[in-house]
Amino acid sequence: MINFNNIFKQIPNKLADKTNTSLFIVSTSIILFLFIICILSYLGFILHFPIHKTYFFVSSVSSILFLFFLNKQYMLSRKEILIETILLFSIFFISAILASLFLDNSWDGRAYHQETIILLTNGWNPVWAKPHFDLFNPIIWVEHYPKCAEILSANFSVLFNNIESGKIINYLFASSTFLLAFFTFNKFKSSKLIWNTLLAILVVLNPISIGQIRTFYIDVLVYYLFANIILTIILKEKDIIGNKMFLMLLLSQTTMLCSLKLGGIFYSIILILSYFIYLLIFKKYNSLKYFGFVIFTIISLFIVS
């Protein structure tokens, strides 16, 4: 018989602070990577440029530089940098395999999400042109719905020349949420490593994400960003991250949330407004002074996207 008590006793109660910080850095690097691809694509459309492989490489270099910058800020060693780089590339490699391994057989995923990705991959500019269809005509959904998820997927579809590779973003967002949740739970003094791991898994693998992660449905991405924003606010209120990191994460994640789905706009309003009310109730006036900048930047990025 397996003695689980002995197995659990051998698992350390806490994760080393430097290792835990490395997981946070990887999580934020993934978010920044996706955000930069998103913004470059939107700006490209406005300037009459279709989606191009260049966006992926510019975003990759930017996220790697960001990773090195954070390591310098947190005074981590070369060993931690190496571990983070290996973990980052492993997550991307495994995500690419999983995305290609499972075919999307869902209705929405193929009826209009995939149609949008195919059009974007073939050079459609949603800012300056209407979509053209030869057979099935889902123009209402393709033309009028927000397109952050499809634009991100199209970038990977262009890169790998494979429509299914667009689902990489599902696994990247899932990895970011898991690492951010795990990092957050490890910062609570009374928590233990085994329970932190199980809780982080539960945060990522809820019924919606299990059902949609193999498809081009976008509700799972809305959930991951919603969860990430809540975790980011918790980290800020616990003084675990500073103002600059908080603003970067809040702005990038809120912009993508607004651009994923029409409902994402209202979720963002609920989150920001709730946090604003919380700061007022607890008289945290120092944090309130950033709110004008946050609202202005979110609105500006939302208009661009």
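Contact check for Leu67 versus Leu32: no side-chain heavy atoms found under the 4.5 Å cut-off. The closest side-chain heavy-atom distance from Pro131 to Val142 is below 4.5 Å. Using a 4.5 Å heavy-atom cutoff, the side chains of Ile213 and Leu98 are not in contact. No side-chain heavy atom of Tyr171 sits less than 4.5 Å from a side-chain heavy atom of Ile94. Within the 4.5 Å cutoff, the side chain of Phe35 has heavy atoms near those of the Leu301 side chain. Within the 4.5 Å cutoff, the side chain of Pro146 has no heavy atoms near those of the Leu260 side chain. In this structure, Phe33 and Ser62 have side chains that are not in contact, with every pair of non-hydrogen atoms separated by 4.5 Å or more. Within the 4.5 Å cutoff, the side chain of Val203 has no heavy atoms near those of the Phe178 side chain.
Proximity of a side-chain donor or acceptor of Thr177 to a complementary backbone N or O of Phe173 within less than 3.5 Å is detected. Here the side chain of Gln212 pairs a donor or acceptor atom with the backbone of Val220 at under 3.5 angstrom. Put simply, the side chain of Thr254 gets close to the backbone of Leu250: a donor and an acceptor are under 3.5 Å apart. Ser100 places no side-chain N or O within donor-acceptor distance of the main-chain N or O of Ile97, the cut-off being under 3.5 Å. For the pair Ser41 (side chain) and Ile51 (backbone), a donor-acceptor distance under 3.5 Å is absent. Looking at Asn125, its side chain never comes within 3.5 Å of a backbone N or O of Pro50 through a donor-acceptor pair. Judged by distance alone, the side chain of Lys147 and the main-chain N or O of Ile117 form no donor-acceptor pair under 3.5 Å. Looking at Tyr145, its side chain never comes within 3.5 Å of a backbone N or O of Lys261 through a donor-acceptor pair.
Distance check: Glu84 CD to Thr19 OG1 gives 9.5 Å after rounding to the nearest 0.5 Å. Ser268 contributes atom OG, which lies 7.0 Å from atom CD1 of Ile298 (distance to the nearest 0.5 angstrom). In this structure, Ile64 CD1 and Ser29 OG are separated by 7.0 Å, a value rounded to the nearest 0.5 Å. The distance from atom OG1 of Thr85 to atom CG of Asn71, rounded to the nearest 0.5 Å, is 7.5 Å. Expressed to the nearest 0.5 Å, how far CG of Leu40 lies from NE2 of His52 amounts to 12.5 Å. We find the CG-SG distance between Leu43 and Cys38 to be 10.0 Å, quoted to the nearest 0.5 Å.
Lys284 NZ: more than 12 foreign heavy atoms inside a 6.0 Å radius. Around atom CZ of Phe160, more than 12 heavy atoms belonging to other residues, nucleotides or ligands sit under 6.0 Å away. Within a 6.0 Å radius of CZ in Phe68, other residues, nucleotides and ligands contribute 12 heavy atoms or fewer. Crowding of Leu205 atom CG: a count of heavy atoms from other residues, nucleotides or ligands under 6.0 Å exceeding 12.
For Leu172 against Ile30, the heavy-atom pair with the smallest separation is O-CG2, 3.5 Å. Shown here for Phe266 and Leu262, the closest heavy-atom pair between the two residues is CD1-O, 3.5 Å. Between Glu115 and Ala111, the shortest heavy-atom distance links the atoms CG-O, 3.1 Å. Of all non-hydrogen atoms in Thr28 and Met245, the two that sit nearest each other are CG2-SD, 4.2 Å. When all heavy atoms are compared, the tightest approach of Ile265 to Cys258 is CG1-O, 3.7 Å. Taking both residues in full, the closest heavy atoms of Trp128 and Ile46 are given as NE1-O, 3.2 Å, listed atom of the first, atom of the second, then distance.
Using a 3.5 Å distance cut-off with no hydrogens or angles, the side chains of Asp108 and Ser106 do not pair a donor with an acceptor. In summary, the side chains of Asp104 and Thr215 do not present any donor paired with an acceptor at a separation below 3.5 Å, with no hydrogens or angles considered.
The six-membered or imidazole ring of Phe282 lies near that of Tyr278, with a centre-to-centre distance under 6.0 Å. Note: Phe24 and Phe183 meet the aromatic proximity criterion, with ring centroids under 6.0 Å apart. Residues Phe56 and Phe92 place their aromatic rings such that the two centres sit under 6.0 Å apart.
Under a cutoff of 6.0 Å and an axis angle of 45°, Lys167 and Phe216 form a cation-pi pair.
Residues Leu225 and Val222 are members of one and the same hydrophobic cluster, defined by side-chain heavy-atom contacts under 4.5 angstrom among Ile, Leu, Val, Met, Phe, Trp and Tyr. Hydrophobic cluster membership is shared by Tyr224 and Leu231, with clusters built from Ile, Leu, Val, Met, Phe, Trp and Tyr side chains linked at under 4.5 angstrom. Leu249 and Phe296 are not part of a single hydrophobic cluster, where members link through side-chain heavy atoms under 4.5 Å apart. By the rule that hydrophobic residues join a cluster once side-chain heavy atoms approach within less than 4.5 Å of another member, Leu273 and Leu280 end up as members of one cluster. In the hydrophobic cluster analysis, where Ile, Leu, Val, Met, Phe, Trp and Tyr join through side-chain heavy atoms closer than 4.5 angstrom, Phe188 is grouped together with Ile241.
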*Begin from the C-alpha positions of Phe182 and Leu193 and carry the test side-chain contact (heavy atoms from CB on, under 4.5 Å) through to its verdict.*
CA-CA 9 Å; Phe182 186 69; Leu193 185 60; 3.3 Å; yes

*Give the C-alpha distance, both sets of side-chain angles, the deciding distance and a yes or no for side-chain contact (heavy atoms from CB on, under 4.5 Å) between Glu164 and Gln114.*
CA-CA 9 Å; Glu164 297 296 336; Gln114 216 173 97; 4.1 Å; yes

*Go through the steps to decide whether Phe69 and Leu65 satisfy the test side-chain contact (heavy atoms from CB on, under 4.5 Å), and finish with yes or no.*
CA-CA 6 Å; Phe69 171 76; Leu65 290 173; over 6 Å; no

*asked:* Evaluate Lys79 against Lys18 for side-chain contact (heavy atoms from CB on, under 4.5 Å), listing each step before the verdict.
replied: CA-CA 10 Å; Lys79 180 183 176 182; Lys18 286 189 175 182; over 6 Å; no

